[in-house]
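Contents: one structure, followed by commentary.
Just so you know, residue 1 is the first one in the sequence shown, and it goes up from there. When a ligand or atom number is given, it counts from 1 through the structure's own listing order.
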Amino acid sequence: MARGETLVVGAGPTGLTAAIGLARRGLPVRVIEKRDTASNLSRAVGILPPTVRALAALGAADEIVQESLVVERIQLSVRGRVLGHVDMSDAVAPDRRILALPQDRTEELLRKVVERLGGEIRFGAAFEWLEQDADGVTGRFGGTEERFDHVIGCDGVHSPTREALGIAYEGYDVPGDWSIADVDVGGDFDPHRVFIDPGDRRTGVTIAIPIGPTRTRIIAGRKDALEGLPFPIEVTHVRRTAPFTISIRQARDYVRGRVLLAGDAAHCHSPVGGRGMNLGMLDAVAAAEAIATGEIAEYGTARHREGAKTIRETERARRPVTSGHPLVPYALATIGFILKHSRAARRAFLRQATNF
Ligand SMILES: Cc1cc2nc3c(=O)[nH]c(=O)nc-3n(C[C@H](O)[C@H](O)[C@H](O)COP(=O)(O)OP(=O)(O)OC[C@H]3O[C@@H](n4cnc5c(N)ncnc54)[C@H](O)[C@@H]3O)c2cc1C
């Protein structure tokens, strides 16, 4: 065993951020990833200010900030009838805005930082099992067994690391159909505008978030995200559509001995507010710091509390949006009116939405 080496299981945004956090502190780290190649799925889009600040402190934010789009405008509508436009560009300082970048690009830029720092990422190596004692952890992956000081399980919602530890992942699935579409768009497309339409019980909510100069992501509370689009978006090419289930779950514990859980391995919740990936990356920063300082138990307590808070807040925001209640459009119109006319309200809204 190389003294002090940490095994990071999973090369998603959480695992890569953990590797950067460890490598920056000069701690040896190895990332294993069961896929043979990097994922090319756009999944999470929003990168929130606390995440940018945490990455900047690790010297890993510059390229992400340069390549991301900045969300500046929000269009609110109900079943296509425009309620208003909210201009967010004056609400907060440039370094506190919401960035948008497809997750595969975020991962690629993080991988480059890991490699620059001398961290190793091994693709095609699936974690299988672990056993630990007071001195270290034996991990089996890719047909070999090796000893490590610590393991961080960043291996997603179905986390084999969590399974190996026998930690429960408690929660529930939200009933109903959900789908996403990743599309190229033509016409008069504004790459800094987010569209939100709560629809009704039949159509469900629709949200469109720009992920490139001529590319947008649509998330909808129905089987087919592209059916009956309530926004004036001209779809020229469909890159991908997929159904998904919203699950609300949290691991009962984030730490067992020398093994830590982070990211989706530790929690999952609704995409409302775009916090999933961000919460995981902040777990990762904290996990690397905990290994460096030896404050592993504190990591478990603090990050579990943060995860529970995020789940509470995102559920509080999701329930009315997905309820189809006839009063929701009126509530949204009122919020839109206040946001449009009050800079203080825009600032408060953005602070609440992004500074979790
Ligand atoms: C369709 C879709 C849309 C989404 N949209 C958003 C969004 O808009 N905003 C948002 O914040 N979040 C969104 N999410 C959630 C977001 O993608 C996740 O929160 C984020 O990917 C979590 O990162 P992670 O690194 O913890 O886990 P993952 O990204 O799942 O990475 C886990 C990695 O572990 C690897 N792995 C698994 N098992 C093993 C093993 N045995 N050995 C080695 N490696 C293993 C996997 O291959 C994977 O690469 C979306 C998710 C989906 C599916």
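Contacts between F127 and ligand 1, counted as non-hydrogen atom pairs separated by less than 4.0 Å, involve both the backbone and the side chain. The proximity of P160 to ligand 1, defined as any non-hydrogen pair under 4.0 Å, is limited to the side chain. The proximity of V157 to ligand 1, defined as any non-hydrogen pair under 4.0 Å, does not occur for either the backbone or the side chain. By the criterion of a heavy-atom distance under 4.0 Å, neither the backbone nor the side chain of L41 is placed next to ligand 1.
Of the listed options C154, G10, S179, P243, C154 places a heavy atom closest to atom 32 (C) of ligand 1. Closest heavy-atom approach to atom 8 (O) of ligand 1 among the candidates I246, I209, V45: V45. Looking at R122, R43, E128, M281, it is R43 that brings a heavy atom closest to atom 52 (C) of ligand 1.
When R217, R215, R240 are each tested for a salt bridge (charged side-chain N to carboxylate O under 4.0 Å, His left out) with D182, only one passes: R215.
Those atoms of ligand 1 that come under 4.0 Å of a heavy atom in M277, given as number and element, are 10 (C), 11 (O), 12 (N), 19 (O). Per-residue contacts place Q103 under 4.0 angstrom from the following atoms of ligand 1 (heavy atoms of the residue considered): 16 (C), 17 (O), 20 (C), 21 (O), 29 (O). Close approach of ligand 1 to T14 is summarised as follows: ligand atoms under 4.0 Å from at least one heavy atom of the residue are 23 (O), 24 (P), 25 (O), 26 (O). Each of the following atoms of ligand 1 lies closer than 4.0 Å to a heavy atom of I32: 43 (C), 44 (N). Taking a cut-off of under 4.0 Å to the non-hydrogen atoms of R35, the atoms of ligand 1 that pass are 47 (O), 49 (O).
The main-chain N or O of W129 is never found under 3.5 Å from a side-chain atom of R140 such that the two would form a donor-acceptor pair.
Both tests pass for R162 against the ring of Y169: distance under 6.0 Å to the centre and angle within 45° of the axis.
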